Amino acid sequence: MTHTSGMNDQGYIEVVCTNAHKPVIVFIDQNTRFEAKVTKETKRNVKGNKYTVAPGKRHLVVQDDKGQVLYDRTVMIYAQQSKIIRINK
């Protein structure tokens, strides 16, 4: 997972929350794990850290630092598009 942009065969995820939040752990398809910074969502914009993900159907699980599951869904990731992952905590 890197912060590159402009690759034709990559999609992106962005983890956002309405409140300030510590970094989270993201699992993709139970075989990729990385720490992600959470962007505070505002009404004006949602611009933050994007993480590259291979396009296709992906199972995403987001956990906090204590292992509590904040997000657990299968989503479709499209090439050159960002998928916003909203967590509430």
Side-chain angles (χ1 to χ4, degrees):
M1 298 298 136
T2 61
H3 299 276
T4 60
S5 62
M7 299 178 76
N8 291 334
D9 61 345
Q10 297 294 313
Y12 306 92
I13 62 169
E14 206 174 332
V15 183
V16 300
C17 185
T18 55
N19 302 321
H21 203 285
K22 295 179 182 178
V24 294
I25 304 299
V26 177
F27 296 88
I28 301 174
D29 296 333
Q30 298 178 340
N31 59 10
T32 301
R33 175 187 191 265
F34 63 95
E35 184 175 283
K37 292 182 180 178
V38 178
T39 302
K40 184 175 180 182
E41 185 175 26
T42 64
K43 290 182 182 179
R44 293 184 333 148
N45 64 355
V46 180
K47 290 193 177 187
N49 296 300
K50 292 183 180 179
Y51 300 91
T52 57
V53 178
K57 189 186 253 186
R58 302 281 171 240
H59 184 85
L60 301 177
V61 177
V62 178
Q63 294 180 351
D64 65 13
D65 58 348
K66 296 175 183 160
Q68 180 180 357
V69 175
L70 307 173
Y71 185 92
D72 185 354
R73 292 191 185 147
T74 299
V75 297
M76 192 65 172
I77 305 292
Y78 296 98
Q80 294 192 334
Q81 292 187 2
S82 292
K83 180 73 174 175
I84 304 295
I85 307 301
R86 286 184 174 83
I87 59 172
N88 295 314
K89 178 132 183 181

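Everything numeric here is computed off the predicted structure, so don't read it as measured data.
Heavy-atom minimum distance, Q63 versus L70: C-CD1, 4.3 Å. Of all heavy-atom pairs spanning Y12 and Q10, the tightest one is CE1-O, 3.8 Å. Minimum heavy-atom separation, K83 to M76: CD-O, 4.4 Å. Between I77 and G11, the closest heavy-atom pair is CG2-CA, 3.7 Å.
Checked options R58, H59, K57; the residue passing with D29 is R58 (criterion: side chain to side chain donor-acceptor pair (under 3.5 Å)). With V15 as the fixed residue, the side-chain contact (heavy atoms from CB on, under 4.5 Å) test singles out one of V38, I84, L60: V38.
In this view, E35 and P23, I25 satisfy the side-chain contact (heavy atoms from CB on, under 4.5 Å) rule, not counting sequence neighbours.
If you take CD1 on I28 and CZ on R33, they are separated by 12.5 Å, rounding to the nearest 0.5 Å. Note that the OG1 atom of T18 and the CD1 atom of I87 stand 9.0 Å from one another [nearest 0.5 Å]. Taken from OG1 in T39 to NZ in K50, the straight-line distance is 10.0 Å, to the nearest 0.5 Å.
Counting only distance, with no hydrogens or angles, the side chain of Y51 and the backbone of K37 share a donor-acceptor pair below 3.5 Å. The backbone N or O of V24 sits nowhere less than 3.5 Å from a side-chain atom of D64 that would complete a donor-acceptor pair.
Following chains of ILVMFWY side-chain contacts shorter than 4.5 Å, one cannot reach I85 starting from F27, and the two form parts of different hydrophobic clusters. When hydrophobic clusters are built by joining Ile, Leu, Val, Met, Phe, Trp and Tyr residues whose side-chain heavy atoms come closer than 4.5 Å, directly or via intermediates, V61 is not grouped with F34.
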